[in-house]
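The structure appears below as C-alpha coordinates.
Chain letters run A, B, ... following the sequence lines, proteins first and then strands; every chain starts at 1.
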There are 2 protein chains.
Amino acid sequence: MSNGFQNHDHARCVSGGISELEHYCAGEGLRLTPVRKRVFELLSSAHRAMGAYELLDHLRAEDLGSQPPVIYRALDFLTSHGFAHKIEGLNAFVACTNPGADHDPAFMICRKCDRVAESNTSPGQLNQMASDAGFEIEHKVVEVLGVCPDCNVQEPS
Amino acid sequence: MSNGFQNHDHARCVSGGISELEHYCAGEGLRLTPVRKRVFELLSSAHRAMGAYELLDHLRAEDLGSQPPVIYRALDFLTSHGFAHKIEGLNAFVACTNPGADHDPAFMICRKCDRVAESNTSPGQLNQMASDAGFEIEHKVVEVLGVCPDCNVQEPS
DNA sequence: TGAAACATGTTACTTTATAACATATCAAAT
DNA sequence: ATTTGATATGTTATAAAGTAACATGTTTCA
(Lines give C-alpha, C1' and ligand atoms only; values in the text may rest on other atoms or scores of the structure.)
Protein backbone atom coordinates (compact mmCIF):
# COMPACT_ATOMS: atom_id res chain seq x y z
CA MET A 1 0.00 0.00 0.00
CA SER A 2 1.43 3.32 1.18
CA ASN A 3 -0.47 5.57 -1.17
CA GLY A 4 1.86 8.33 -0.06
CA PHE A 5 1.47 11.66 -1.71
CA GLN A 6 1.76 10.28 -5.22
CA ASN A 7 -0.74 10.92 -7.93
CA HIS A 8 -3.34 8.26 -8.30
CA ASP A 9 -6.67 7.62 -9.96
CA HIS A 10 -8.65 9.49 -7.40
CA ALA A 11 -12.17 8.86 -8.66
CA ARG A 12 -11.43 5.19 -8.57
CA CYS A 13 -9.83 5.37 -5.15
CA VAL A 14 -13.00 7.01 -3.84
CA SER A 15 -15.51 4.70 -5.48
CA GLY A 16 -13.41 1.71 -4.52
CA GLY A 17 -13.38 2.84 -0.91
CA ILE A 18 -17.14 3.18 -0.90
CA SER A 19 -17.60 -0.28 -2.37
CA GLU A 20 -15.38 -1.74 0.30
CA LEU A 21 -17.36 0.12 2.93
CA GLU A 22 -20.69 -1.14 1.59
CA HIS A 23 -19.45 -4.65 1.27
CA TYR A 24 -17.99 -4.71 4.75
CA CYS A 25 -21.12 -3.26 6.35
CA ALA A 26 -23.38 -5.70 4.52
CA GLY A 27 -21.21 -8.57 5.67
CA GLU A 28 -21.14 -7.47 9.29
CA GLY A 29 -24.74 -6.41 9.54
CA LEU A 30 -23.80 -2.79 10.10
CA ARG A 31 -26.19 -0.05 9.04
CA LEU A 32 -24.63 2.20 6.51
CA THR A 33 -27.08 5.06 6.82
CA PRO A 34 -27.10 8.07 4.46
CA VAL A 35 -25.24 10.30 6.90
CA ARG A 36 -22.56 7.71 7.56
CA LYS A 37 -22.04 6.99 3.92
CA ARG A 38 -21.93 10.65 2.99
CA VAL A 39 -19.38 11.47 5.66
CA PHE A 40 -17.14 8.72 4.40
CA GLU A 41 -17.53 10.00 0.84
CA LEU A 42 -16.64 13.51 1.90
CA LEU A 43 -13.54 12.38 3.75
CA SER A 44 -12.54 9.99 1.05
CA SER A 45 -12.83 12.45 -1.78
CA ALA A 46 -11.18 15.28 0.12
CA HIS A 47 -8.26 12.99 0.82
CA ARG A 48 -7.19 15.20 3.64
CA ALA A 49 -7.93 15.77 7.29
CA MET A 50 -11.25 17.50 7.84
CA GLY A 51 -12.66 18.91 11.06
CA ALA A 52 -15.98 17.74 12.42
CA TYR A 53 -17.58 21.13 11.94
CA GLU A 54 -16.33 21.44 8.40
CA LEU A 55 -17.98 18.10 7.64
CA LEU A 56 -21.11 19.20 9.43
CA ASP A 57 -21.33 22.25 7.20
CA HIS A 58 -21.54 19.94 4.21
CA LEU A 59 -24.21 17.81 5.83
CA ARG A 60 -26.21 20.88 6.69
CA ALA A 61 -26.04 22.13 3.10
CA GLU A 62 -27.42 18.79 2.00
CA ASP A 63 -30.07 18.61 4.70
CA LEU A 64 -28.52 15.58 6.28
CA GLY A 65 -28.27 17.11 9.72
CA SER A 66 -27.24 20.31 11.36
CA GLN A 67 -26.33 19.69 14.99
CA PRO A 68 -22.94 18.57 16.32
CA PRO A 69 -24.09 15.17 17.60
CA VAL A 70 -25.00 14.23 14.04
CA ILE A 71 -21.47 14.46 12.79
CA TYR A 72 -19.83 13.09 15.93
CA ARG A 73 -22.06 10.04 15.82
CA ALA A 74 -21.21 9.38 12.21
CA LEU A 75 -17.52 9.81 12.95
CA ASP A 76 -17.78 7.48 15.95
CA PHE A 77 -19.29 4.87 13.71
CA LEU A 78 -16.63 5.24 11.05
CA THR A 79 -13.68 5.34 13.41
CA SER A 80 -14.87 2.53 15.64
CA HIS A 81 -15.17 0.23 12.64
CA GLY A 82 -11.89 1.30 11.11
CA PHE A 83 -13.27 3.25 8.15
CA ALA A 84 -11.78 6.50 9.34
CA HIS A 85 -9.14 7.67 11.76
CA LYS A 86 -8.87 10.65 14.00
CA ILE A 87 -5.73 12.73 13.56
CA GLU A 88 -5.08 13.71 17.15
CA GLY A 89 -2.54 16.35 16.27
CA LEU A 90 -5.17 18.27 14.31
CA ASN A 91 -8.42 17.28 15.97
CA ALA A 92 -9.54 16.21 12.54
CA PHE A 93 -10.49 13.07 10.64
CA VAL A 94 -9.42 11.14 7.56
CA ALA A 95 -10.86 8.24 5.62
CA CYS A 96 -8.94 5.04 6.13
CA THR A 97 -7.18 3.91 2.99
CA ASN A 98 -7.45 0.25 3.86
CA PRO A 99 -10.52 -0.36 5.92
CA GLY A 100 -11.02 -3.80 7.29
CA ALA A 101 -7.33 -4.56 7.20
CA ASP A 102 -5.82 -5.05 10.59
CA HIS A 103 -3.29 -2.31 10.88
CA ASP A 104 -1.18 0.04 12.93
CA PRO A 105 -1.42 3.15 10.85
CA ALA A 106 1.13 5.93 10.78
CA PHE A 107 0.16 9.27 9.28
CA MET A 108 2.12 11.93 7.50
CA ILE A 109 0.21 15.18 7.73
CA CYS A 110 1.05 18.24 5.68
CA ARG A 111 0.55 21.39 7.68
CA LYS A 112 0.26 23.45 4.52
CA CYS A 113 -2.40 21.59 2.57
CA ASP A 114 -3.74 19.25 5.28
CA ARG A 115 -3.38 16.26 3.01
CA VAL A 116 -2.71 13.05 4.87
CA ALA A 117 -0.87 9.94 3.77
CA GLU A 118 -1.47 6.75 5.65
CA SER A 119 1.27 4.22 5.92
CA ASN A 120 1.92 1.13 7.97
CA THR A 121 4.48 0.84 10.67
CA SER A 122 5.80 -2.41 11.89
CA PRO A 123 4.52 -2.63 15.41
CA GLY A 124 7.56 -4.34 16.86
CA GLN A 125 9.28 -1.40 18.46
CA LEU A 126 6.29 -0.02 20.34
CA ASN A 127 5.13 -3.46 21.37
CA GLN A 128 8.57 -4.16 22.76
CA MET A 129 8.60 -0.91 24.68
CA ALA A 130 5.19 -1.69 26.15
CA SER A 131 5.94 -5.25 27.08
CA ASP A 132 9.19 -4.16 28.75
CA ALA A 133 7.15 -1.81 30.90
CA GLY A 134 4.31 -4.26 31.54
CA PHE A 135 1.99 -1.88 29.74
CA GLU A 136 -1.06 -3.17 27.92
CA ILE A 137 -1.60 -1.37 24.63
CA GLU A 138 -5.10 -0.52 23.53
CA HIS A 139 -4.51 2.12 20.91
CA LYS A 140 -1.52 3.57 19.09
CA VAL A 141 -1.15 7.10 17.82
CA VAL A 142 1.67 7.63 15.34
CA GLU A 143 1.58 10.91 13.49
CA VAL A 144 4.25 12.87 11.72
CA LEU A 145 3.57 16.53 11.04
CA GLY A 146 5.50 18.39 8.40
CA VAL A 147 5.47 19.40 4.78
CA CYS A 148 4.55 17.15 1.88
CA PRO A 149 6.66 16.97 -1.29
CA ASP A 150 4.24 19.06 -3.34
CA CYS A 151 4.13 21.91 -0.86
CA ASN A 152 7.87 21.72 -0.40
CA VAL A 153 8.46 22.60 -4.05
CA GLN A 154 7.12 26.12 -3.77
CA GLU A 155 9.00 27.28 -0.74
CA PRO A 156 11.94 24.98 0.00
CA SER A 157 12.09 26.56 3.42
CA MET B 1 16.42 6.47 30.97
CA SER B 2 12.91 5.07 30.42
CA ASN B 3 11.56 5.75 33.85
CA GLY B 4 8.62 3.57 32.94
CA PHE B 5 6.01 3.02 35.59
CA GLN B 6 8.52 1.78 38.14
CA ASN B 7 8.75 3.14 41.61
CA HIS B 8 11.32 5.83 42.04
CA ASP B 9 12.41 8.49 44.46
CA HIS B 10 9.77 10.92 43.46
CA ALA B 11 10.74 13.90 45.59
CA ARG B 12 14.18 13.70 44.12
CA CYS B 13 12.89 13.28 40.59
CA VAL B 14 10.87 16.47 41.02
CA SER B 15 13.57 18.58 42.63
CA GLY B 16 16.09 17.29 40.12
CA GLY B 17 13.85 18.29 37.27
CA ILE B 18 13.47 21.76 38.65
CA SER B 19 17.21 22.14 39.06
CA GLU B 20 17.74 21.12 35.48
CA LEU B 21 15.11 23.58 34.40
CA GLU B 22 16.67 26.42 36.36
CA HIS B 23 20.13 25.58 35.13
CA TYR B 24 19.05 25.35 31.53
CA CYS B 25 17.11 28.61 31.63
CA ALA B 26 19.98 30.44 33.28
CA GLY B 27 22.34 29.15 30.64
CA GLU B 28 20.12 30.10 27.74
CA GLY B 29 19.01 33.45 29.09
CA LEU B 30 15.41 32.30 29.38
CA ARG B 31 13.17 33.86 31.97
CA LEU B 32 11.88 31.30 34.37
CA THR B 33 9.05 33.35 35.81
CA PRO B 34 6.97 32.25 38.81
CA VAL B 35 4.08 31.01 36.68
CA ARG B 36 6.34 29.01 34.39
CA LYS B 37 8.22 27.43 37.23
CA ARG B 38 5.09 26.59 39.15
CA VAL B 39 3.45 24.95 36.14
CA PHE B 40 6.50 22.80 35.65
CA GLU B 41 6.45 21.86 39.33
CA LEU B 42 2.79 20.93 39.15
CA LEU B 43 3.30 18.75 36.11
CA SER B 44 6.45 17.25 37.43
CA SER B 45 5.07 16.32 40.81
CA ALA B 46 1.79 15.02 39.44
CA HIS B 47 3.76 12.79 37.11
CA ARG B 48 0.75 12.41 34.91
CA ALA B 49 -1.01 14.21 32.11
CA MET B 50 -2.86 17.30 33.29
CA GLY B 51 -5.27 19.46 31.33
CA ALA B 52 -4.66 23.16 30.89
CA TYR B 53 -7.71 24.10 32.90
CA GLU B 54 -6.82 21.76 35.70
CA LEU B 55 -3.43 23.47 35.93
CA LEU B 56 -5.10 26.86 35.74
CA ASP B 57 -7.25 25.98 38.75
CA HIS B 58 -4.08 25.49 40.76
CA LEU B 59 -2.63 28.79 39.58
CA ARG B 60 -5.84 30.56 40.44
CA ALA B 61 -5.84 29.10 43.94
CA GLU B 62 -2.33 30.46 44.39
CA ASP B 63 -3.09 33.82 42.83
CA LEU B 64 -0.73 33.26 39.98
CA GLY B 65 -3.31 33.93 37.31
CA SER B 66 -6.87 33.11 36.47
CA GLN B 67 -7.47 33.47 32.74
CA PRO B 68 -6.81 30.85 30.05
CA PRO B 69 -4.03 32.76 28.27
CA VAL B 70 -1.99 32.60 31.47
CA ILE B 71 -1.75 28.84 31.43
CA TYR B 72 -1.47 28.50 27.67
CA ARG B 73 1.43 30.92 27.60
CA ALA B 74 3.24 29.04 30.32
CA LEU B 75 2.63 25.76 28.52
CA ASP B 76 3.84 27.25 25.24
CA PHE B 77 7.04 28.28 26.94
CA LEU B 78 7.59 24.87 28.51
CA THR B 79 6.74 22.86 25.43
CA SER B 80 8.64 25.02 22.99
CA HIS B 81 11.80 24.61 25.06
CA GLY B 82 11.31 20.91 25.59
CA PHE B 83 10.45 21.03 29.30
CA ALA B 84 7.01 19.62 28.74
CA HIS B 85 5.12 17.76 26.05
CA LYS B 86 1.58 17.86 24.89
CA ILE B 87 -0.22 14.53 24.84
CA GLU B 88 -2.34 14.94 21.75
CA GLY B 89 -4.49 11.94 22.49
CA LEU B 90 -5.67 13.53 25.73
CA ASN B 91 -5.38 17.25 25.07
CA ALA B 92 -3.20 17.34 28.14
CA PHE B 93 0.37 18.01 29.17
CA VAL B 94 3.25 16.26 30.94
CA ALA B 95 6.61 17.34 32.25
CA CYS B 96 9.48 16.10 30.16
CA THR B 97 11.61 13.58 31.97
CA ASN B 98 14.78 14.54 30.18
CA PRO B 99 14.63 18.17 29.21
CA GLY B 100 17.40 19.50 27.10
CA ALA B 101 18.18 16.10 25.64
CA ASP B 102 17.50 15.86 21.96
CA HIS B 103 14.85 13.23 21.68
CA ASP B 104 11.97 11.64 19.86
CA PRO B 105 9.76 10.80 22.77
CA ALA B 106 7.19 8.04 22.83
CA PHE B 107 4.56 8.05 25.54
CA MET B 108 2.67 5.31 27.29
CA ILE B 109 -0.48 6.76 28.78
CA CYS B 110 -2.66 4.92 31.26
CA ARG B 111 -6.32 5.64 30.66
CA LYS B 112 -7.19 4.64 34.21
CA CYS B 113 -4.79 6.75 36.25
CA ASP B 114 -3.55 9.19 33.57
CA ARG B 115 0.04 8.49 34.51
CA VAL B 116 2.45 8.85 31.64
CA ALA B 117 5.76 7.16 31.00
CA GLU B 118 8.13 8.72 28.53
CA SER B 119 10.46 6.55 26.55
CA ASN B 120 12.67 6.98 23.54
CA THR B 121 12.04 5.48 20.18
CA SER B 122 14.69 5.03 17.59
CA PRO B 123 13.67 7.39 14.85
CA GLY B 124 14.79 5.21 11.96
CA GLN B 125 11.50 3.76 10.92
CA LEU B 126 9.55 6.98 10.71
CA ASN B 127 12.43 8.82 9.09
CA GLN B 128 12.62 6.11 6.48
CA MET B 129 8.91 6.31 5.80
CA ALA B 130 9.11 10.07 5.42
CA SER B 131 12.14 10.10 3.19
CA ASP B 132 10.57 7.45 0.96
CA ALA B 133 7.61 9.75 0.51
CA GLY B 134 9.66 12.93 0.13
CA PHE B 135 8.02 14.24 3.26
CA GLU B 136 9.82 16.71 5.50
CA ILE B 137 9.25 15.93 9.16
CA GLU B 138 8.81 18.78 11.60
CA HIS B 139 7.24 17.04 14.55
CA LYS B 140 6.54 13.48 15.62
CA VAL B 141 3.67 12.28 17.75
CA VAL B 142 4.05 8.77 19.15
CA GLU B 143 1.60 7.85 21.86
CA VAL B 144 0.37 4.54 23.11
CA LEU B 145 -2.84 4.49 25.11
CA GLY B 146 -3.69 1.61 27.37
CA VAL B 147 -3.41 0.34 30.91
CA CYS B 148 -0.31 0.59 33.08
CA PRO B 149 0.97 -2.38 35.09
CA ASP B 150 -0.34 -1.03 38.40
CA CYS B 151 -3.86 -0.51 37.13
CA ASN B 152 -3.79 -3.86 35.40
CA VAL B 153 -3.34 -5.69 38.68
CA GLN B 154 -6.78 -4.87 40.00
CA GLU B 155 -8.84 -5.84 36.99
CA PRO B 156 -6.84 -8.07 34.64
CA SER B 157 -9.51 -7.35 32.03
C1' DT C 1 17.18 56.96 30.51
C1' DG C 2 14.92 55.58 26.90
C1' DA C 3 13.88 52.10 23.56
C1' DA C 4 13.29 47.29 22.29
C1' DA C 5 12.15 42.90 23.72
C1' DC C 6 9.81 40.14 26.61
C1' DA C 7 6.08 39.03 29.85
C1' DT C 8 1.47 39.70 32.03
C1' DG C 9 -3.58 41.12 32.61
C1' DT C 10 -7.91 40.98 30.72
C1' DT C 11 -11.98 40.75 27.69
C1' DA C 12 -14.12 38.43 24.46
C1' DC C 13 -14.54 34.79 21.45
C1' DT C 14 -13.85 30.52 18.53
C1' DT C 15 -13.46 25.70 18.03
C1' DT C 16 -14.13 21.08 19.54
C1' DA C 17 -16.90 17.79 21.89
C1' DT C 18 -20.49 15.66 24.93
C1' DA C 19 -24.67 14.90 28.10
C1' DA C 20 -29.28 14.02 28.18
C1' DC C 21 -33.65 12.92 26.63
C1' DA C 22 -37.39 12.45 23.26
C1' DT C 23 -38.62 10.28 18.94
C1' DA C 24 -38.21 7.32 15.10
C1' DT C 25 -36.81 3.21 12.47
C1' DC C 26 -35.24 -1.46 11.82
C1' DA C 27 -34.96 -6.56 12.50
C1' DA C 28 -36.29 -10.67 14.31
C1' DA C 29 -39.18 -13.60 16.84
C1' DT C 30 -43.96 -14.57 18.21
C1' DA D 1 -48.86 -8.63 11.10
C1' DT D 2 -47.34 -7.18 15.60
C1' DT D 3 -44.76 -6.62 19.46
C1' DT D 4 -40.44 -5.75 21.23
C1' DG D 5 -35.65 -4.69 21.82
C1' DA D 6 -31.89 -2.68 19.73
C1' DT D 7 -30.21 0.74 17.00
C1' DA D 8 -30.30 5.37 14.93
C1' DT D 9 -31.82 10.26 14.70
C1' DG D 10 -33.42 15.04 16.29
C1' DT D 11 -32.71 18.60 19.38
C1' DT D 12 -31.45 21.57 23.23
C1' DA D 13 -28.14 22.85 26.03
C1' DT D 14 -23.61 23.03 27.82
C1' DA D 15 -18.84 21.64 28.70
C1' DA D 16 -14.02 21.72 27.53
C1' DA D 17 -10.08 23.35 24.96
C1' DG D 18 -7.78 27.02 22.76
C1' DT D 19 -6.87 31.80 20.65
C1' DA D 20 -7.12 36.87 19.06
C1' DA D 21 -6.33 41.23 20.28
C1' DC D 22 -4.88 44.96 22.87
C1' DA D 23 -3.43 47.44 27.02
C1' DT D 24 -0.04 47.40 30.63
C1' DG D 25 3.95 46.19 32.98
C1' DT D 26 8.97 44.67 33.48
C1' DT D 27 13.72 43.59 31.98
C1' DT D 28 17.79 44.44 29.56
C1' DC D 29 21.13 46.83 27.56
C1' DA D 30 22.74 50.41 24.43
Side-chain angles (χ1 to χ4, degrees), chain A residues 21-22 25-40 43 49-81 83-94 109 111 114 141 143 145, chain B residues 21 25-40 42-43 49-81 83-94 109 111 114 141 143 145:
Chain A
L21 177 63
E22 288 173 333
C25 286
E28 299 286 313
L30 300 172
R31 293 195 212 161
L32 185 59
T33 63
V35 175
R36 291 169 176 179
K37 184 172 172 180
R38 187 65 185 129
V39 171
F40 181 83
L43 285 175
M50 295 179 76
Y53 284 76
E54 183 185 359
L55 290 163
L56 183 57
D57 287 342
H58 286 271
L59 296 184
R60 187 177 292 123
E62 301 171 15
D63 265 310
L64 283 169
S66 63
Q67 300 303 320
V70 171
I71 184 62
Y72 283 104
R73 284 166 180 161
L75 289 168
D76 278 352
F77 173 84
L78 294 171
T79 54
S80 68
H81 293 97
F83 304 126
H85 298 289
K86 180 171 188 183
I87 303 296
E88 297 289 348
L90 298 178
N91 293 320
F93 300 82
V94 283
I109 303 139
R111 68 167 163 79
D114 277 349
V141 176
E143 300 172 3
L145 308 186
Chain B
L21 176 63
C25 287
E28 300 287 312
L30 300 172
R31 294 196 209 159
L32 185 60
T33 63
V35 175
R36 292 168 175 179
K37 184 172 174 181
R38 187 64 185 129
V39 172
F40 181 82
L42 289 167
L43 285 175
M50 294 179 77
Y53 284 75
E54 183 184 0
L55 290 162
L56 183 56
D57 287 342
H58 285 271
L59 296 184
R60 187 178 293 122
E62 299 170 16
D63 266 309
L64 283 168
S66 62
Q67 300 303 321
V70 171
I71 184 62
Y72 282 104
R73 283 164 179 161
L75 289 168
D76 279 352
F77 173 85
L78 295 172
T79 55
S80 67
H81 293 96
F83 303 126
H85 299 290
K86 180 170 187 184
I87 303 296
E88 298 288 349
L90 297 178
N91 294 323
F93 300 83
V94 282
I109 304 139
R111 69 167 163 79
D114 278 346
V141 176
E143 300 172 1
L145 309 186

In terms of the nearest nucleotide of DNA chain C, which residue is placed more toward the 5' end: A/Pro69 or A/Leu90?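 Between the two, 5'-proximity favours A/Leu90.
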Assuming nearest nucleotide by heavy-atom distance, tell me which of A/Ala52 and B/Phe77 is located more 5' along DNA chain C.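 Closer to the 5' end of DNA chain C: B/Phe77.
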Can you figure out which of [options] approaches the side chain of [X] most closely?
{"X": "A/Arg36", "options": "C/dA17, D/dT11, D/dA8", "value": "D/dA8"}
{"X": "B/Tyr53", "options": "D/dG18, D/dT19, D/dT12", "value": "D/dG18"}
{"X": "A/Arg31", "options": "D/dT7, D/dG18, C/dA7", "value": "D/dT7"}

[N] [atom2] sits how many Å from [X] [atom1], rounded?
{"X": "A/Tyr72", "N": "C/dA20", "atom1": "OH", "atom2": "P", "result": "18 Å"}
{"X": "B/Leu56", "N": "D/dT19", "atom1": "CG", "atom2": "P", "result": "15 Å"}
{"X": "B/Leu30", "N": "C/dA7", "atom1": "CG", "atom2": "C1'", "result": "13 Å"}
{"X": "A/Met50", "N": "C/dT15", "atom1": "CE", "atom2": "P", "result": "15 Å"}

Any donor-acceptor pair under 3.5 Å linking the side chain of [X] with the backbone of [Y]?
{"X": "A/Arg36", "Y": "A/Arg31", "answer": "yes"}
{"X": "A/Glu143", "Y": "A/Ile109", "answer": "no"}
{"X": "B/Arg111", "Y": "B/Leu145", "answer": "no"}

OP1 or OP2 of [N] under 4.0 Å from side-chain N/O of [X]:
{"X": "B/Asn91", "N": "D/dA16", "answer": "no"}
{"X": "B/Lys86", "N": "D/dG18", "answer": "yes"}
{"X": "A/Ser66", "N": "D/dG10", "answer": "no"}

Can a salt bridge be assigned to the pair A/Arg73 and A/Asp76 using a cut-off of 4.0 Å between side-chain N and carboxylate O?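 Result for this pair is no, no salt bridge flagged.
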Side-chain-base donor-acceptor pair under 3.5 Å for B/Arg73 and D/dG18: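 Such a pair does not exist between side chain and base.
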